[in-house]
Amino acid sequence: MEWVETTAKTLDEAKDLALDRLGVAADEAEFEVLEEPRSGLFGRMRGEARVRVRVMPAAVRHKQERRPRGRSEGKTRDAKAEGKGTRGTKSAGKKKPADRQPRQAGGEASGGSSPEQVSEHDTQHGGGSDKRAERPQRSKQHKESKRMDGQDEHNESPVSPQEVGDAAVAFMGGLATAFGAEATTELDVDDTNLEVRVVGSELGLLVGPAGRTLLAIQDLARVASQRRLGDHDTRLRIDVGGYREKRRQALDQFASAVAKSVIESGSAKALEPMSSADRKTVHDAIVGIDGVDSHSEGDDPTRRVVITPA
Amino acid sequence: MSDAQSAPTAVAVLTHIVKSIVDQPDDVTVDEVVGEGKHRLDVRVGDGDLGRVIGRRGRTAASIRLVTRAAASKDGVQLDIEFLD
């Protein structure tokens with residue numbers, strides 16, 4: 001709302017443009033780099049610099065300074081959020097519909113794209129006043145999905161995790177075959193945590209750009225197993241060709257590179273929109289780096305991580 | 001299914017997915033409609049199964065489309081996917 005977004009050939013030009021539009025001096029404004037101009041072949045610039053700028057509101061600035069660093073200290077922030085009565089708290093379990101709570105019990109660290117995990121990231125929200133406006137909207141959506149859940153998964157027949165896993169394996173095996181891939185499927189059952197791994201060659205199509213196809217496949221596997229069998233107790237993850245671990249390593253490297261440039265430049269940087277699982281990986285990486293904080297902004301599917309100087 | 005399939009991988013993948021998530025897999029049909037330019041796959045499911053295929057806020061339908069299109073890239077075609085009652 002109060003943010004002004006500008007694009008120009010270089011970051012400085014974009015910032016100047018934005019400052020002109022706001023009519024304030026640079027030290028009264030807050031910058032966020034949304035996109036840097038990419039350098040193409042032979043030093044030519046491809047793409048434009050995009051920044052967003054707003055007049056720095058004193059109150060917000062103050063809040064940001066108080067904002068605890070890192071997720072380990074998240075509790076103070078939760079208390080704040082609760083006090084405002086705006087939205088849920090860090091423990092996604094509290095926000096979740098009661099019937100799905102057991103699924104959280106595993107406390108899995110780096111899961112898929114389930115809504116529960118999205119809400120976990122929500123606490124990464126900073127204190128900016130513009131963000132508060134989003135909150136009621138998001139919580140409304142949450143209620144909506146809760147209601148739909150109830151309709152969708154209301155039969156209470158207890159299914160064993162093994163049965164759910166077997167259904168997921170059958171689904172994934174059949175899918176790999178339908179894709180014409182030579183693959184084998186493995187199932188790990190650890191209490192209520194299920195992981196199905198597809199190993200083989202030429203599985204790239206099942207992963208897709210930035211793992212988006214894999215996420216969709218994981219969604220469908222959950223429908224074909226958990227939802228179809230009326231199971232509410234398990235957590236199911238799908239991995240194809242060891243993609244998750246590779247992705248985690250790549251994101252770790254990427255996060256530290258961006259963190260370095262944020263520390264050097266002193267200005268915040270917004271990353272490309274990512275899935276909740278990828279955002280979590282980035283947040284976890286940033287927590288381990290001194291001098292930077294991270295939070296997420298926006299709504300899926302364009303929710304993105306912003307890395308700020310601590 | 002049409003006799004002359006130009007997107008065998010996509011049809012196989014789409015059929016497998018939909019049959020795997022509905023309650024009445026025997027009532028699932030996938031028809032390939034070849035138009036000018038883009039091909040279309042029409043999915044029909046049994047009574048009461050359309051909801052699960054579409055999912056809350058269309059999420060499942062979106063995932064099905066995405067995965068089926070990935071399969072279609074192996075066939076070298078572009079596809080629309082329609083879900084019908």
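By convention in this document, chain letters (A, B, ...) are assigned in the order of the sequence lines, proteins followed by strands, and residues within each chain are numbered from 1. Values below: all heavy atoms of this structure, side chains included; hydrogens, waters and symmetry mates excluded.
Between the side chain of B:K74 and the main chain of B:T9, no donor-acceptor pair closer than 3.5 Å is present.
Ranked by heavy-atom pairs under 4.5 Å with chain B, the list A:V223, A:L205, A:L220 is led by A:L220. Between chain B and the residues A:A178, A:G208, A:A167, the largest count of heavy-atom pairs under 4.5 Å involves A:A178. Contacts with chain B were tallied for A:A170, A:S225, A:G180, A:A224; A:A224 has the most, counting heavy-atom pairs under 4.5 Å.
Heavy atoms only, all atoms of each residue included: A:E202 and A:A181 are closest at O-CB, 4.3 Å.
In this structure, no portion of B:L14 lies under 4.5 Å from any heavy atom of chain A. Proximity to chain B (any heavy atom under 4.5 Å) is shown, for A:A221, by neither the backbone nor the side chain.
Using modelled atom types and a 3.5 Å distance limit, the side chains of A:E182 and A:S201 yield no donor-acceptor pair. For the residue pair A:T234 and A:D231, a side-chain donor N or O sits within less than 3.5 Å of a side-chain acceptor on the partner. Using modelled atom types and a 3.5 Å distance limit, the side chains of A:S296 and A:H283 yield a donor-acceptor pair.
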